[in-house]
Engineer: 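Pasting a structure here, questions to come.
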Amino acid sequence: MRTEHVPATSPTDQPRPALVPAVMLRYDRVRRAELLLMPERAVLLSPEAGRILRLCDGRRTIADIVAALAADHPDAPLERDVPDFIARIRAEGWLR
């Protein structure tokens, strides 16, 4: 029986989510809310969703995003909720 060594994921191998080029994140002063703007569509975001997406800059890993949010929300289940949210936004085609 042969076992293969699976290398640990290094920080450089971890996904670093970012908005796709056709999607822009903008703050709407009239609505006092974050909006995702796409061709022929706009999505009004909750404050939490906007904060997460602002951190999806292509430089931070999901763990970095969770750590950044944990400072303000120490008791929130961020390790579960943030990756779930990012997966849903990625499934919509708005994140790479």
Side-chain angles (χ1 to χ4, degrees):
M1 183 169 136
R2 192 177 132 191
T3 59
E4 292 183 29
H5 173 72
V6 178
T9 303
S10 72
T12 57
D13 294 341
Q14 295 177 7
R16 296 171 188 274
L19 292 172
V20 297
V23 176
M24 294 186 304
L25 181 61
R26 295 287 183 258
Y27 182 77
D28 184 326
R29 291 184 199 151
V30 174
R31 292 180 183 90
R32 295 184 181 160
E34 297 280 4
L35 296 174
L36 274 182
L37 302 175
M38 297 160 259
E40 300 183 27
R41 186 171 184 192
V43 176
L44 181 66
L45 300 171
S46 70
E48 296 82 9
R51 176 111 191 265
I52 293 169
L53 290 177
R54 287 238 172 251
L55 295 170
C56 292
D57 58 8
R59 295 184 310 237
R60 294 178 177 95
T61 65
I62 294 172
D64 295 335
I65 294 167
V66 168
L69 296 168
D72 292 332
H73 308 285
D75 298 326
L78 299 171
E79 292 81 16
R80 180 195 69 214
D81 292 351
V82 171
D84 288 351
F85 173 76
I86 289 173
R88 285 195 320 268
I89 297 300
R90 188 173 275 139
E92 290 288 339
W94 302 337
L95 277 178
R96 59 171 169 79

Engineer: Quick check: does any side chain N or O of Asp64 sit under 3.5 Å from a backbone N or O of Ala67, one acting as donor and the other as acceptor?
Structural biologist: no

Engineer: Show the atom names and distances, to 0.1 Å, of all donor-acceptor pairs under 3.5 Å that link a side chain in residues 22-44 to residues at least two apart or in another chain.
Structural biologist:
from  : atom 1 : to    : atom 2 : distance (Å)
Asp28 : OD1    : Val30 : N      : 2.8
Asp28 : OD1    : Arg31 : N      : 3.1
Asp28 : OD2    : Arg31 : NH1    : 2.4
Glu34 : OE1    : Arg54 : NH2    : 2.9
Glu34 : OE2    : Arg54 : NE     : 3.1

Engineer: Could you pull out every donor-acceptor pair under 3.5 Å between side chains of residues 70-79 and any protein atom, sequence neighbours left out?
Structural biologist:
from  : atom 1 : to    : atom 2 : distance (Å)
Asp72 : OD2    : Arg51 : NH1    : 3.0
Asp72 : OD2    : Arg51 : NH2    : 3.2

Engineer: Please tabulate, for the side chains in residues 86-96, all donor-acceptor contacts under 3.5 angstrom to protein atoms that are two or more places apart in sequence or on a different chain.
Structural biologist:
from  : atom 1 : to    : atom 2 : distance (Å)
Arg90 : NH2    : Arg96 : O      : 3.1

Engineer: How about Ile65 and Pro17: do any of their side-chain heavy atoms sit closer than 4.5 Å?
Structural biologist: yes

Engineer: State the CG-OG distance between Leu53 and Ser46, to the nearest 0.5 angstrom.
Structural biologist: 9.0 Å

